[in-house]
Amino acid sequence: MIESKFRKFKAGNFDIEDESRSGSPTEVDCEQLKQIIDQDRNVSTQTIALELDVCQKTIANALKRINVTFKFNRWVRHELTAQEKSGLFGSAQRSKERENSGQNCDP
């Protein structure tokens with residue numbers, strides 16, 4: 001990289017911007033990525049990459065940007081919505097109530 005810049009400067013080309021390159025695009029439309037994941041929570045990064053004609057690393061980086069991770073064999077958001085948080089709180093509270101009343105599954 002440095003050698004190529006040096007050659008360009010030596011030849012009188014003082015443009016420091018990178019030239020466009022051929023190959024797969026390096027950016028992904030995040031809305032399109034969200035739609036793909038919403039349609040199939042089990043889709044692989046390889047399948048997404050093939051569908052969008054980009055490399056898997058590009059997909060992985062885009063998934064981080066939109067706060068999505070693959071857990072329990074499906075794509076989930078890193079952060080829970082308020083409704084999801086309240087649902088978890090309610091489940092934990094009911095579990096605690098069962099435990100206190102002796103209705104748990106343990107003998």
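Note that the structure is predicted; figures quoted are calculated from it, not measured. We're numbering straight along the sequence, starting at 1.
Taking both residues in full, the closest heavy atoms of Ala49 and Cys55 are given as CB-C, 3.9 Å, listed atom of the first, atom of the second, then distance. The minimum heavy-atom distance between Val54 and Glu27, with the atom names listed, is CG1-O, 4.3 Å.
How far CD1 of Ile36 is from CG of Leu52: 4.0 Å, rounded to the nearest 0.5 Å. Between Leu50 atom CG and Ile59 atom CD1 the span is 9.5 Å, to the nearest 0.5 Å. The structure places CD of Gln35 at 8.0 Å from CG of Asp29, a figure rounded to the nearest 0.5 Å.
Exactly one of Thr58, Thr69, Leu33 qualifies for a side chain to side chain contact (heavy atoms under 4.5 Å, CB included) with Leu63. That residue is Leu33.
In terms of the salt bridge (Lys or Arg N to Asp or Glu O under 4.0 Å) criterion, residue partners of Lys34 (sequence neighbours excluded) are, by chain and number, Glu31. Under the rule for a side chain to side chain donor-acceptor pair (under 3.5 Å), Glu51 has no partner lying at least two apart in sequence or in another chain.
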